[in-house]
Amino acid sequence: MDDRVPPANGAALQALCPDSLTFRVDSPLALAMESGATLSPVTIAYQTYGALNAGKSNALLICHALTGDQHVGNLHPVTGRGGWWETMVGPGRPFDTDRFFIICANVLGGCMGSTGPVSLNPDTGEPYGLDFPVVTIADMVRAQALLIDHLGIDTLFCVAGGSMGGMQVLQWASAYPQRVFAALPIATSARHSSQNIAFHEVGRQAIMADPDWRGGRYLTEHTLPSKGLAVARMAAHITYLSDSALHRRFGRNLQDRVARTFSFDADFQVESYLRHQGRIFVERFDPNSYLYLTRAMDYFDLAADFGGSLVNAFRGSPTRFCVVSFTSDWLFPTSDSRAIVRALNAGAASVSFVEIETDRGHDAFLLDIPELIETTRGFIDAAARARGLA
Amino acid sequence: MTLARVLDARRVDLLRVTEMVTPGSRVLDVGCGDGELLRLLAEERNVDGRGIELSQQGVNDCVAKGLSVIQGDADADLDDYPDDAFDFVILSQTLQATRQPRRVLENLLRIGRRAIVSVPNFGHWSVRVQLVLRGRMPVTEQLNHSWYDTPNIHFCTITDFIGLAKEIGAVIDRSVALDQQGGQLSAMWPKWTWNLVGEQAIFLLHRGSRGNAGAAGAETSARIAG
């Protein structure tokens, strides 16, 4: 791995000067955060696709996952690759840009233009680093709600997302039930499990153990804990796949060699693949952002905000839900989705629940899986009919 | 287009069920299969319909068609729903496949203001003939499983079902028996004739004033109001 990546990498540039629309809230006490801190100013970087109709009834908010961003349906400004959910977003796709006004915002604490640890602290003129207040899923959603207000939208037709995006969907539906007509949480949970917190802690420790992290002040000191972040990504990436998917793709195959080298080179294809994943991640993501966003997921426990009852989080909800899980997802297993469905049933909410058979693990929600596409299309089209959107 | 044409002739019971549902009501279809009844109810009765289906494939097909359906089973998942969550809870040709039919029926009456239950009649003459004269477990056109691979573990007759309804204090508001061709048997006929020639029966019920108190069955007798 190249540890001489310049600090002003693509991620840092996008954080300060994004290739996106931005919305800035300057008023004092712009955002009261769950930790008790307040944040001002707050910038939200976002992308939109399609057109808002006259009744402003066709807005569909997509919430991105941990390492995703607002570039859901266009070329990524850093990687040059296609949007991260192009299987879903576009003309004639389930999130049909011919019919819906699609919004995707970089989360608070992110590094693609929304206010986060890379942003300049107005008190010091330097990047926040660890002086940035700890962000929660509820904070992210509150910031998104400010954006939705700014766009003049009262009720969102649908809020959709997978993984950490799914957590935001649940938070939206719980915090703003009257503003969410339909909700599509995919491969997610109403609370982050102990095992998942454990994996996140490994990733954070890898970053913080890198001497170039400098107590979070690497931008000021012109270093970058790229090795730590790459290791964090490698560990996390394993959790996004499955044993059988890894085996099918790599087996015990050797990488560009015919025999073992009896060294610690990347002999195996799977090692080479993981190192590559770590390397390219560093080019587009900020290490401190990774700390903050994993923390936000760890802190997510929707029931805890309702006296330990997930039922109360959704009681009397007018929102139509469709919960989706994947059989081989061991990061957010089907049992997590079932817990959401049970709570919605107990609250007499409208809910569909689909478990999709696949061996592609947690990342299945990002992939071109026909059953996921058809489920989403069926749910969105039915909701659109109920909403009076042709 | 007549309704009969859109339906499999063997599921003419779905038409009779549909007739019992008030337009615009909230409906839960337990064991909704591929969603045929939910679609019919949405089209004909404009209901707010939900479904529970055991087979995940069935669920996925339903959701892809835009229906609100979850994977689950009548024995395990009805407990989650609050009282009076629905105007109608429908259990169509499924009671005989549940592990605890009595508990399921009590749950239907608890979570729905009305329950609609259709059951295949194990008292039908052809069933009786097979068991009595041939000494074999009956296999009919409708109940077409052998004893060793049938999902139907709790068969009952029309008379048995009325007895269970009485035992748990349910009130039968309406009942319909259908013959093998889907023809409706006269409501004027005595119930023992239904039990002999009815292939299936459909009941519209609600819980009696004594709730689910099964022991109080003597006082809360099941009434049949044709």
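Because the structure is a prediction, the values reported are computed rather than measured. In what follows, every chain begins at residue 1, and chains take the letters A, B, ... in the order their sequences are listed.
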So with a 6.0 Å cut-off around [atom1] of [X], is the heavy-atom count from everything else above 12?
X: B:Q184; atom1: CD; result: yes
X: A:D243; atom1: CG; result: no
X: B:H145; atom1: NE2; result: yes

Practice item. Could you walk me through whether B:R103 and B:E106 pass salt bridge (charged side-chain N to carboxylate O under 4.0 Å, His left out), step by step? Key: CA-CA 5 Å; B:R103 185 181 161 81; B:E106 284 172 343; over 6 Å; no
Review point. Looking at A:G347, A:A348, A:A382, which makes the most heavy-atom pairs under 4.5 Å with chain B?
Key: A:A348
Per-residue contact mode, [X] against chain A (heavy atom under 4.5 angstrom):
X: B:L67; value: backbone
X: B:V63; value: both
X: B:Q56; value: side chain

Exercise for review: Examine whether an atom of A:E371 lies under 4.5 Å from a heavy atom of chain B, and if so say whether it belongs to the side chain, the backbone or both; otherwise answer neither.
Suggested key: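 Contact with chain B is through the side chain of A:E371 alone.
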Exercise for review: Identify which part of A:A349 has an atom lying under 4.5 Å from any heavy atom of chain B, answering side chain, backbone, both or neither.
Suggested key: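 Looking at A:A349, just its backbone touches chain B.
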What closest approach, in Å, do [X] and [Y] show between heavy atoms, and which atom pair accounts for it?
X: B:V27; Y: B:F86; result: C-CD2, 3.7 Å
X: A:S352; Y: B:S68; result: OG-CA, 3.0 Å
X: B:D13; Y: B:I202; result: O-CD1, 3.6 Å
X: B:S92; Y: B:L14; result: OG-CD2, 3.8 Å

Review point. Taking the six-membered ring of B:F88, is NZ or CZ of B:R114 closer than 6.0 Å to its centre and within 45° of its axis?
Key: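 Here B:R114 fails the 6.0 Å and 45° test against B:F88.
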Review point. Going by residue number, which parts of residues 171-191 of chain A are within reach of chain B, meaning a heavy-atom gap below 4.5 Å?
Key: none
Point to revise | Interface residues of residues 306-345 of chain A facing chain B - heavy atom cut-off under 4.5 Å | key: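 Only A:C322, A:R338, A:V341, A:R342, A:N345 of residues 306-345 of chain A have a heavy atom under 4.5 Å from chain B.
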Check your understanding: Which one of B:G51, B:C62, B:A64 has the most heavy-atom pairs closer than 4.5 Å to chain A?
Key ->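 Winner by heavy-atom pair count: B:A64.
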Review point. Is it the case that A:Q144 and A:Q168 place a side-chain donor and acceptor less than 3.5 Å from each other?
Key: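 The answer is yes; a qualifying pair exists.
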